[in-house]
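Since we're looking at a predicted model, the values are computed, not measured. Atoms within each ligand, like the ligands themselves, are counted from 1 in listed order.
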Amino acid sequence: MYWEKDIETMPRDRIETLQSGLLRDTVRLAALSPFYGKKFRDFGIDPAGFDGLRSKEKLPFTTKDDLREHWPYGFLAVSRDELVRMHSSSGTTGRATVVFHTAHDIGQWTNLVARCMYMAGVRKGDVFQNIMTYGLFTGGLGFHYGAERIGALVIPAGAGNSKRQIQLMRDFDTTVIHIIPSYALHLYSFFEEMNLLPSRDTRVRIAFIGAEPHSERTRKKIEELYGFKAFNSYGLSEMNGPGVAFECPEQNGLHIWEDNFLAEIVDPDTLKPVADGSEGELVLTSLRRTGMPLLRYRTKDLTRIITGDCPCGRTHRRIERITGRTDDMLIIKGVNIFPIQIEKKLMEIPGVGNDFLIVLEREGYNDRMTVKVEVGQDFFDGDVLHLEKLRRRITEDLRSDILITPQVELMAPNSLPKTEGKAVRVVDNRKE
Ligand code: ADP
Ligand code: ZN
């Protein structure tokens, strides 16, 4: 059940000793890059004298803007001919950032993804259909290499082309898939259209879902619709991509692989560490990357450490599923709202379908929030009162949660625009 038992179940004191040594090496290596070379001089950090974990808070933070400003090569710690691969972020919040890898880095990353997939139960003999965009996005090749390392048969299906995905699953007896959660919900409507039931008409037993925030309720919904287990996969291109933190079979939080990443949770305003168990921004340091090491990278992702031991026996600390990105936060009529709050509430309401969209407008000095919600086709075929009742219920439930009253528009199934990548949840027309 373990890919690397000694590492996955390493006692905490040994993990910390290991991290300390790796952090020292990483600081020395990072000093060779133009960005950190200068930062260390400005901060008065002597890389040769850096003494490891206990001094971690002396290190500077790194932000996405730093990566953008030193684009493209300002973070390289090796010469360019050592590099074998480039990836980039999806550009969800602006210009995409690029990350470069040496052959060593790709090897490490591959091993981590294999560890994650093995932990969820993937074995040699499995057929793995990777329903993710290939190319610069890390979700495609990251999982592809990991699955091959385990010895599974990989179908590099890529994203989109829904009917063909279903055909591939059926023709080649796919047992494991990797898919963006919003797309998994959309794909289900094609099963319905083809009069197929995933649990009866495919052999898929494991799914990896990630790359975008989703609630526990959405995971449950995907599991129920498909009849498989769906494991939450967290990663970001700046820390390779997938394989940073991952759910084990207990599905009670995501183990962060602490032999590869140093994780801190800080208050996003003061940048001071928060107590274990409190929510804050996840900050990550790569501990084994050679091409482009990153120190104290501010992910902008909000989560908390789950305290206590995991029954699976792994000793790497767990984080809660990501509750939002600090830059996803909407301020509407002065109230702070995360799109995931809306998703969570909607998914609890019977009759609500698989997709929603938040549209923001300005009317004079006021913000207007409209939530467009897909609901079951039967609501449109039946009684108008029935539809109105559902609309009121949704409005009321959202109001009691977010404390402002949105306009709710009910939409037919599949009528909202779909993407093959991360779902677009908000259209903000308030900015001129
Ligand atoms: P971008 O930062 O442009 O979206 P990436 O493709 O590198 O580009 O995406 C990484 C980000 O995606 C993470 O920082 C996080 O916000 C989000 N993300 C990835 N996996 C998950 C997950 N399992 N749950 C919630 N959010 C996730
Ligand atoms: Zn566990």
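Atoms OG and CZ, from Ser89 and Arg68 in turn, are 7.0 Å apart once rounded to the nearest 0.5 Å. The distance from the CD atom of Glu8 to the CH2 atom of Trp3 is 10.0 Å, given to the nearest 0.5 Å. The distance from atom OH of Tyr234 to atom CE of Met239, rounded to the nearest 0.5 Å, is 9.0 Å.
At a 4.0 Å cut-off, not a single heavy atom of Lys300 sits close enough to ligand 1 to count as contact.
Between Glu216 and Lys220 there is a salt bridge, with a side-chain nitrogen of the basic residue lying less than 4.0 Å from a carboxylate oxygen of the acidic one. Taking the charged nitrogens against the carboxylate oxygens, Glu396 and Arg393 have no contact shorter than 4.0 Å, which rules out a salt bridge. Salt bridge status for Arg314 with Asp309: absent, with no side-chain N to carboxylate O gap under 4.0 Å.
Nearest to atom 24 (N) of ligand 1 by heavy-atom distance, out of Arg325, Arg95, Glu212, is Glu212. By heavy-atom distance, the residue among Gly91, Pro213, Gly210, Gly235 lying nearest atom 19 (C) of ligand 1 is Gly235. For the residues Lys422, Arg219, Glu238, the heavy atom positioned nearest atom 5 (P) of ligand 1 is part of Lys422.
The atoms of ligand 1 that sit less than 4.0 Å from any heavy atom of Ser237 are 7 (O). Ligand-side atoms of ligand 1 in range of Ile322: 25 (C), range being under 4.0 angstrom from any heavy atom. Numbered from 1 in the order shown, with element, the atoms of ligand 1 that lie under 4.0 Å from a heavy atom of Asn232 read 22 (C), 23 (N). Those atoms of ligand 1 that come under 4.0 Å of a heavy atom in Leu236, given as number and element, are 7 (O), 10 (C), 14 (O). Heavy-atom contacts of Phe137 reach the following atoms of ligand 1: 6 (O) (cutoff under 4.0 Å).
Tyr183 and His186 have tilted rings, their planes meeting at an angle from 30° to 60° on a 0 to 90° scale. Ring geometry, Phe208 versus Phe231: the interplanar angle falls from 30° to 60°, so the pair is classed tilted.
Considering only non-hydrogen protein atoms, atom 13 (C) of ligand 1 sits nearest to Asp301 OD2, 3.3 Å. In terms of protein heavy-atom proximity, atom 4 (O) of ligand 1 is nearest to Thr92 OG1, 2.4 Å. Ranking the protein heavy atoms by distance from atom 6 (O) of ligand 1 puts Ser90 OG, 2.7 Å first. When hydrogens are left out, the protein atom nearest atom 21 (C) of ligand 1 is Ala211 N, 3.5 Å; that is the closest non-hydrogen contact.
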Test salt bridge (Lys or Arg N to Asp or Glu O under 4.0 Å) on Asp327 and Lys64 and set out the steps.
CA-CA 12 Å; Asp327 40 15; Lys64 221 174 179 97; over 6 Å; no
Take Arg217 and Glu348 through the test salt bridge (Lys or Arg N to Asp or Glu O under 4.0 Å) and record every step on the way to the result.
CA-CA 7 Å; Arg217 190 64 211 112; Glu348 285 167 4; over 6 Å; no
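For Arg321, no heavy-atom contact with ligand 1 is shorter than 4.0 Å. Contacts between Ser233 and ligand 1, counted as non-hydrogen atom pairs separated by less than 4.0 Å, involve the backbone only.
Residue-level check: among N/O/S atoms of His255, NE2 sits closest to the Zn ion (ligand 2).
Within the 4.5 Å cutoff, the side chain of Phe40 has heavy atoms near those of the Val27 side chain.
One finds an angle of 110° at the Zn ion (ligand 2) between SG on Cys248 and SG on Cys310, to the nearest 10 degrees.
Between His214 and ligand 1, no N or O atom pair is found at a separation short of 3.5 Å.
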